[in-house]
Amino acid sequence: MFKEEKANAKTFLVFIDVYSLKEKQLIDDAEREFFDLVESSGADIVGTTSHKQSKPSISHFINKGKLEELFNSVHGSDIGLVIVNHKLSASQARNLELKLKVRVIDKTELILDIFATRATTHIGKLQVELAQLNHLSTRLIRGWTHLERQKGGIGLRGPGETQLETDRRLIGHRIRTLKSRLTKAHKQKQLNSYARKKSRNRLVALVGYTNAGKTTLFNKLTKSSQYAADKLFATLDSVTRRNVDPELGPILFSDTVGFISDLPTELIESFKATLDELQSADLLLHVTDCSDPDHDQKINEVDNILKSLGLEKITQIRINNKCDLVGLRDPETRKLNDEVWISAEKNLGIEHLREKINLELFNGVYKGWVSIEASLGKLRSDLYGMGCIVKEESSGSGIIYLKIDIGRDELDRLLVNKGFNICSDEDILLLNEA
Ligand SMILES: Nc1nc2c(ncn2[C@@H]2O[C@H](COP(=O)(O)OP(=O)(O)OP(=O)(O)O)[C@@H](O)[C@H]2O)c(=O)[nH]1
Ligand SMILES: [Mg+2]
């Protein structure tokens with residue numbers, strides 16, 4: 001029925017600006033984002049069309065006149081795939097395919113496909129397959145026979161691929177298996193996070209719109225080399241790393257999947273457990289691209305998604321990243337509304353961000369000497385257990401001097417409860433010289 005389709009099929013894009021959906025459309029430049037998305041999927045774009053219509057047509061989404069034009073563009077060409085920038089109902093997608101005689105996918109399938117090609121971890125792959133199957137099960141309607149004969153191609157790649165030939169019953173079975181595997185995998189992760197809670201590590205999660213620069217900043221903060229790239233959804237699987245920066249207190253940083261407007265509900269459902277991990281974060285770094293013309297809308301979009309995940313109560317530091325692109329060379333001077341201006345790539349403003357993180361989490365950090373009575377061995381071993389002793393000196397007169405690196409809050413708690421004395425650096429210098 002359809003032309004043979006390969007993974008890099010010649011692709012035609014249809015961008016429709018629908019007035020009646022406009023209020024929901026928070027992104028002004030949705031067209032550019034749509035193109036970026038399609039490019040991220042690796043499609044071979046050979047043509048595009050863009051038009052406005054007042055509302056979607058019930059049968060084909062695209063109105064009749066435009067549909068004829070589209071048919072003329074596609075018919076007799078070597079185009080094998082049409083991608084539409086909206087969510088299509090099962091029957092709209094089917095009717096479009098019947099009319100155009102090529103495969104048609106919508107924005108949801110496009111995003112699912114990108115996720116499928118990016119998933120690398122066990123949990124990531126399970127989540128994407130679950131999302132694909134959930135979506136596929138809504139498409140298994142009468143008359144939708146071509147799915148059984150097709151393999152590969154954008155929208156059909158990834159872990160779910162072989163399942164596309166199975167029927168609804170098999171899909172249902174597979175969905176149940178995936179869900180139970182995911183529950184098991186997440187239980188394991190929860191055990192790990194329980195271990196974290198027992199330690200004094202704070203969890204700081206980087207969140208934000210896709211391509212804002214979260215991974216670039218994460219790499220800077222944790223001296224890691226996670227994959228960061230100028231494409232949408234470069235990161236899919238969350239990664240947590242311990243802070244190695246001596247300027248920061250004991251922190252675990254977590255890099256997460258980026259958000260996008262109209263994130264398919266199937267994906268939110270599947271990724272819920274991963275995103276649920278954010279619930280235990282002590283602080284969110286909301287990374288934004290301040291050079292993006294849609295900067296404000298994207299902030300709203302991310303805040304809305306955070307709200308829908310019940311994360312709005314967690315303290316947020318708003319970070320305007322890529323300040324080098326707006327000509328801001330000295331971000332320290334720009335401290336509007338308590339926001340932080342940085343360039344993760346050019347290493348600008350990171351120092352101020354560090355201070356801010358320390359201040360939020362630990363009410364600042366104390367680095368210096370304290371003295372305790374030698375008889376308070378338990379306190380000393382607790383401090384070693386917490387990993388905050390940098391150096392130790394003994395006066396030989398029943399007093400131990402400890403150089404510590406500790407959050408102000410914790411220090412205050414320990415001072416009140418356990419009997420510390422803060423020394424001045426001069427005292428210690430004398431001690432060292434003696
Ligand atoms: N000019 C400039 N580019 C930056 C800066 N930070 C990140 N980038 C670039 O922006 C692109 C996206 O960066 P990533 O760190 O992958 O963004 P992300 O938010 O992790 O994106 P996803 O994982 O796709 O959600 C990359 O090409 C980076 O090199 C910056 O401060 N200035
Ligand atoms: Mg990333």
(request) Would you confirm whether Glu301, through its side chain, and Asp296, through its main-chain N or O, come within 3.5 Å as a donor-acceptor pair? (result) no
(request) Report yes if some heavy atom in the side chain of Arg202 is under 4.5 Å from a heavy atom in the side chain of Phe362; otherwise report no. (result) yes
(message) Could you report the tightest heavy-atom contact between Asp113 and Ser41, atom names first, then the distance?
(response) OD2-CB, 4.2 Å
(message) Any side-chain to backbone donor/acceptor pair from Glu97 onto Val104? Under 3.5 Å, distance only.
(response) yes
(message) Is it true that, when you exclude Lys403 itself, more than 12 heavy atoms of the residues, nucleotides or ligands shown sit nearer than 6.0 Å to its NZ?
(response) no
(request) Please round to the nearest 0.5 Å and tell me the distance separating atom CD of Gln132 and atom CG of Asn134. (result) 10.5 Å
(message) Less than 4.5 Å apart, side chain to side chain, heavy atoms only: is that true for Leu361 and Val204?
(response) yes
(request) First locate atom CG of Asp324, then atom OG of Ser291, and finally report the distance between them rounded to the nearest 0.5 Å. (result) 8.0 Å
(message) Any donor-acceptor pair under 3.5 Å linking the side-chain atoms of Ser59 with those of Asn95?
(response) no
(message) Please report the interatomic distance CG(Asp44) to CD(Glu39), rounded to the nearest 0.5 Å.
(response) 11.0 Å
(message) I need the minimum non-hydrogen distance between Ala205 and Leu278, along with the two atoms involved.
(response) CB-CD2, 3.4 Å
(request) Can you see which heavy atom on Asn320 is nearest to which on Glu339, and at what distance? (result) ND2-OE1, 2.7 Å
(message) Name the residue from Asp292, Asp230, Asp289 that meets the salt bridge (Lys or Arg N to Asp or Glu O under 4.0 Å) definition with Lys322.
(response) Asp289
(request) Show your working on side-chain contact (heavy atoms from CB on, under 4.5 Å) between Leu126 and Lys179 and close with a plain yes or no. (result) CA-CA 8 Å; Leu126 290 177; Lys179 279 189 175 159; over 6 Å; no
(message) Quick check against the 3.5 Å criterion: does Thr49 have a side-chain atom that pairs as donor or acceptor with the backbone of Val14?
(response) no
(message) Treating Glu345 as the side-chain partner and Asn321 as the backbone partner, does any N or O pair qualify as donor plus acceptor under 3.5 Å?
(response) no
(request) Kindly indicate whether the side chain of Thr235, heavy atoms from C-beta on, has any atom under 4.5 Å from the side chain of Phe218. (result) no
(request) Quick one: do Arg118 and Ser40 satisfy side-chain contact (heavy atoms from CB on, under 4.5 Å)? Show the steps, please. (result) CA-CA 10 Å; Arg118 302 267 202 276; Ser40 293; 3.6 Å; yes
(message) For the backbone of Lys55 and the side chain of Gln53, can you confirm whether one donor and one acceptor N or O come within less than 3.5 Å of each other?
(response) yes
(request) Show your working on side-chain contact (heavy atoms from CB on, under 4.5 Å) between His286 and Asp303 and close with a plain yes or no. (result) CA-CA 9 Å; His286 180 166; Asp303 279 340; 3.7 Å; yes
(message) Could you report the tightest heavy-atom contact between Ser343 and Cys323, atom names first, then the distance?
(response) N-SG, 3.8 Å
(request) Taking Asp294 for its side chain and Gln297 for its backbone only, find out whether a donor-acceptor pair lies under 3.5 Å. (result) no
(request) Would you please test His86 and Ile16 for side-chain contact (heavy atoms from CB on, under 4.5 Å) and show each step? (result) CA-CA 8 Å; His86 284 277; Ile16 316 158; 4.2 Å; yes
(message) Would you say that Val239 contacts Thr121 through its side chain, given a criterion of any heavy-atom pair below 4.5 Å between the two side chains?
(response) no
(request) May I ask you to decide if Lys298's main-chain N or O and Thr288's side chain share a donor-acceptor pair within less than 3.5 Å? (result) no
(message) Can you give me the closest heavy-atom contact between Leu112 and Val128, atom names plus distance?
(response) O-CG1, 4.2 Å
(request) Check whether any side-chain heavy atom of His51 sits under 4.5 Å from a side-chain heavy atom of Phe15, and report yes or no. (result) no
(message) Please report the interatomic distance CD1(Ile357) to CG(Asp282), rounded to the nearest 0.5 Å.
(response) 12.0 Å
(request) Apply the test side-chain hydrogen bond (donor to acceptor under 3.5 Å, both in side chains) to residues Glu31 and Asn85: give CA-CA distance (whole Å), side-chain angles for both, the deciding distance (0.1 Å), then the verdict. (result) CA-CA 8 Å; Glu31 188 165 355; Asn85 74 311; over 6 Å; no
(message) For a 4.5 angstrom cut-off between non-hydrogen side-chain atoms, does Ile175 reach Leu130?
(response) yes
(message) Just so I know, are the side chains of Ile342 and Leu348 near enough to count as touching, which here means a heavy-atom distance under 4.5 Å?
(response) no
(request) Please step through side-chain hydrogen bond (donor to acceptor under 3.5 Å, both in side chains) for the pair His60 and Gln92, ending with a clear verdict. (result) CA-CA 4 Å; His60 292 81; Gln92 283 166 337; over 6 Å; no
(message) Rounded at 0.5 Å granularity, tell me how far CG in Asp36 sits from CZ in Phe233.
(response) 11.5 Å
(message) Cation-pi check for Phe71 against Lys99: NZ or CZ below 6.0 Å from the six-membered ring centre and within 45 degrees of the axis, yes or no?
(response) yes
(message) Using 0.5 Å steps for rounding, measure from the NZ atom of Lys125 to the CD atom of Glu129.
(response) 11.0 Å
(request) Identify the two heavy atoms, one from Thr216 and one from Ala344, that lie closest to each other, and give their separation to 0.1 Å. (result) CG2-CB, 3.9 Å
(message) A side-chain contact here means heavy atoms from C-beta on lying under 4.5 Å apart; do Gln127 and Leu182 qualify?
(response) yes
(request) Walk me through it: do Ser224 and Asn219 pass the test side-chain hydrogen bond (donor to acceptor under 3.5 Å, both in side chains)? (result) CA-CA 4 Å; Ser224 306; Asn219 286 340; 4.6 Å; no
(message) Checking side-chain contact (heavy atoms from CB on, under 4.5 Å) between Phe12 and each of Val84, Leu100, Leu81, Ile79, which is the one that passes?
(response) Ile79
(message) Any side-chain to backbone donor/acceptor pair from Glu109 onto Asp106? Under 3.5 Å, distance only.
(response) yes
(request) Look at the side chain of Lys223 and the backbone N and O of Lys220, then say whether any donor-acceptor pair between them is shorter than 3.5 Å. (result) no
